[in-house]
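For reference, the structure discussed in these notes is given below.
Below, read A as the first sequence line, B as the second, and so on, with proteins coming before strands; counting in each chain starts at 1.
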There are 2 protein chains.
Amino acid sequence: MIQNTSRIKKGRKFDQVIAGARTVFLRDGFEGASVDDIAREAAVSKATLYSYFPDKRVLFLEIAALETRRQADAFEERIDDTHPPEVVLPTAGRKILDFLLSDFGIAVFRIAVAEGERFPEIGHKFYDSGPRLVKDRLSQYLASWVAQGALTIDDVELAAEQFVELCKVRLIPKRLFQGPSAPDSAERDKIVESAVALFLACYGTRP
Amino acid sequence: MIQNTSRIKKGRKFDQVIAGARTVFLRDGFEGASVDDIAREAAVSKATLYSYFPDKRVLFLEIAALETRRQADAFEERIDDTHPPEVVLPTAGRKILDFLLSDFGIAVFRIAVAEGERFPEIGHKFYDSGPRLVKDRLSQYLASWVAQGALTIDDVELAAEQFVELCKVRLIPKRLFQGPSAPDSAERDKIVESAVALFLACYGTRP
DNA sequence: GCACAGCTAAACTGCTTGGTTTAGTTATCT
DNA sequence: AGATAACTAAACCAAGCAGTTTAGCTGTGC
């Protein structure tokens, strides 16, 4: 990444700071992370860090935005509009679930939820650059198949949100409140499969 | 409440402490709440507070357990097994949604999510005395109507979790990440209605 | 009216934190 | 080589925190 020149802030070690902050924030959360830790992890002096960012909160916002954006981008490219729902939904659902269940996805979600009340911008940024993009992309896909007559949906946005929520069933709460567990790939498939069945039983056009 | 005598810990002002801690923890979260604040809110000296609870974390656990238990109990009594799904699901769904959307429900959820990684007991206690009880009660209801032939479900627990998740669509993320908004009773009904439709289209036995 | 358990305000300890400053070192550009 | 901008380690500051201690007050039982 050479496009440092396009950054608003300047400095040779900018990327190091971003990387270090990412690591520490994701490991310890916002309150849990100390600026000293971040500086140490980034192998940078605190003074340098503070020359890039005015305070801890702004640094965190930067990281959160980068991360969620990255998440949504990765998902965006996975939907193939030329394939029908029966084949796209299972793989897309699995992709979504896999990300949400990753240590990464869980940590970002935790922080967004925890800090969302005190710092509304965090909540906004997280939603706008993560879940919202997924919803938009998915509902666009659904709309195209509604037009082709393979689906019958009056509110595609709502349907998209319902599908995502159905994929989260059981495993997300389990991970959130019962801690990490075994990989469980079969169980993930089962959940997604059930979500797809439920979804298509209602919105699918029966032949 | 006179049954103070049945408490493990003793002291005249125990209930005051609980009430104060409840207020402050729900307002500021775990890290955000200071013991001084709690003592002030409870109109009690810090020394008294520490005579009841060995440390801040234990006090918090006590509050969290009380709150989630209270939530589930309130719900438990609302399901009438003698009425069919078409009538029970909408009202039960609306009840669940109303609680989850309350300032109260949101605050408890936020704390459970935020603190769940560092203090797994908090996550466990929250899940066991909240969502889990709701799931159990709901799946028991569903099972009874499966037996009567009005529903066709092979995994009732999964179905119960799916229904709850469907009720949370849109409004919970909105509240979590976009802040509080207008009452929106009509929108709530719409979401629940759509959840019921989706649910019954798949699991309902068509006449 | 005495004893005792519960309570109190307030000071205090020890520690961590975000953020600043200083005085000096390193890299980069011409 | 010299100038300039970026970086550094380390000390420092002020504030906030959990938890303890002290020295004394209050209410209740007998």
Side-chain angles (χ1 to χ4, degrees), chain A residues 1-25 27-64 111 114-115 118-119 121-122, chain B residues 1-25 27-64 111 114-115 118-119 121-122:
Chain A
M1 295 205 186
I2 310 289
Q3 82 278 30
N4 275 0
T5 54
S6 74
R7 296 279 193 200
I8 308 166
K9 339 259 178 174
K10 58 238 159 145
R12 307 198 294 273
K13 309 206 165 175
F14 191 87
D15 290 351
Q16 282 180 45
V17 173
I18 293 289
R22 197 185 83 107
T23 303
V24 177
F25 276 135
R27 188 184 60 217
D28 299 335
F30 178 73
E31 301 283 358
S34 89
V35 178
D36 289 84
D37 278 358
I38 294 174
R40 196 176 314 116
E41 176 73 30
V44 139
S45 77
K46 245 183 3 160
T48 299
L49 189 155
Y50 274 105
S51 81
Y52 296 152
F53 299 95
D55 61 32
K56 187 188 177 187
R57 212 177 102 270
V58 169
L59 171 57
F60 179 79
L61 281 172
E62 190 67 28
I63 303 295
I111 295 172
E115 244 64 56
R118 214 171 331 223
F119 304 121
E121 313 148 79
I122 291 183
Chain B
M1 296 205 185
I2 310 287
Q3 83 277 31
N4 275 0
T5 52
S6 73
R7 297 279 191 199
I8 308 164
K9 340 260 178 173
K10 58 239 161 145
R12 307 198 292 272
K13 309 206 166 174
F14 191 87
D15 290 351
Q16 283 179 46
V17 172
I18 293 288
R22 197 185 84 107
T23 302
V24 176
F25 276 134
R27 188 184 61 216
D28 299 336
F30 178 73
E31 301 283 359
S34 89
V35 177
D36 289 85
D37 278 357
I38 294 173
R40 197 176 314 117
E41 177 72 31
V44 141
S45 78
K46 250 193 345 169
T48 299
L49 188 155
Y50 275 103
S51 81
Y52 296 152
F53 298 96
D55 62 32
K56 188 187 176 187
R57 212 176 102 271
V58 170
L59 171 57
F60 179 78
L61 282 173
E62 188 68 26
I63 302 295
I111 295 172
E115 243 63 55
R118 214 172 330 224
F119 304 121
E121 313 148 79
I122 291 182

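- Atom-to-atom, CZ of B:F25 to C1' of D:dA18 comes out at 12 Å; the value is rounded to the nearest Å.
- Checked against the 6.0 Å centroid threshold, B:F53 and B:F60 do not count as a close aromatic pair.
- Computed from coordinates, the A:D28 CG to C:dG18 P distance equals 11 Å when rounded to whole Å.
- Within the 4.5 Å cutoff, the side chain of A:L49 has heavy atoms near those of the A:L59 side chain.
- Two residues are said to be in side-chain contact when any heavy atoms from C-beta on lie closer than 4.5 Å; B:R57 and B:E62 fail this criterion.
- Between the OH atom of B:Y50 and the C1' atom of C:dA9 there is a distance of 16 Å, rounded to whole Å.
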Dump every N/O contact between nucleotides 4-8 of chain C and the protein below 3.5 Å, one line per pair.
residue : atom : partner : partner atom : Å
C:dC7   : OP1  : B:R12   : N            : 2.6
C:dC7   : OP1  : B:K13   : N            : 3.0
C:dC7   : OP1  : B:Y52   : OH           : 2.9
C:dC7   : OP2  : B:Y52   : OH           : 3.1
C:dC7   : O3'  : B:K13   : NZ           : 3.2
C:dT8   : OP1  : B:K13   : NZ           : 2.8
C:dT8   : OP2  : B:S45   : N            : 3.0
C:dT8   : OP2  : B:T48   : OG1          : 2.6

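- In this model, a donor atom of one side chain and an acceptor atom of the other lie less than 3.5 Å apart for A:T48 and A:S45.
- One atom, CG of A:L59, and another, P of C:dG18, lie 11 Å apart when rounded to the nearest Å.
- Distance, A:D15 CG to D:dC7 P: 11 Å, rounded to whole Å.
- Per the geometry, CZ belonging to B:F60 stands 18 Å off C1' belonging to D:dC17, to the nearest Å.
- Remark: side-chain polar atoms of B:D55 are paired, donor with acceptor, to backbone N or O of B:V58 under 3.5 angstrom.
- We find that CG of B:D55 is positioned 18 Å from P of C:dC15, with the value rounded to whole Å.
- Among the protein residues, A:A39 comes within range of no part of the nucleic acid, since none of its heavy atoms lies under 4.0 Å from any strand.
- D:dG19 atom P lies 15 Å from atom CG of B:D37, rounded to whole Å.
- A donor-acceptor pair under 3.5 Å is formed between the side chain of B:K56 and the backbone N or O of B:F30.
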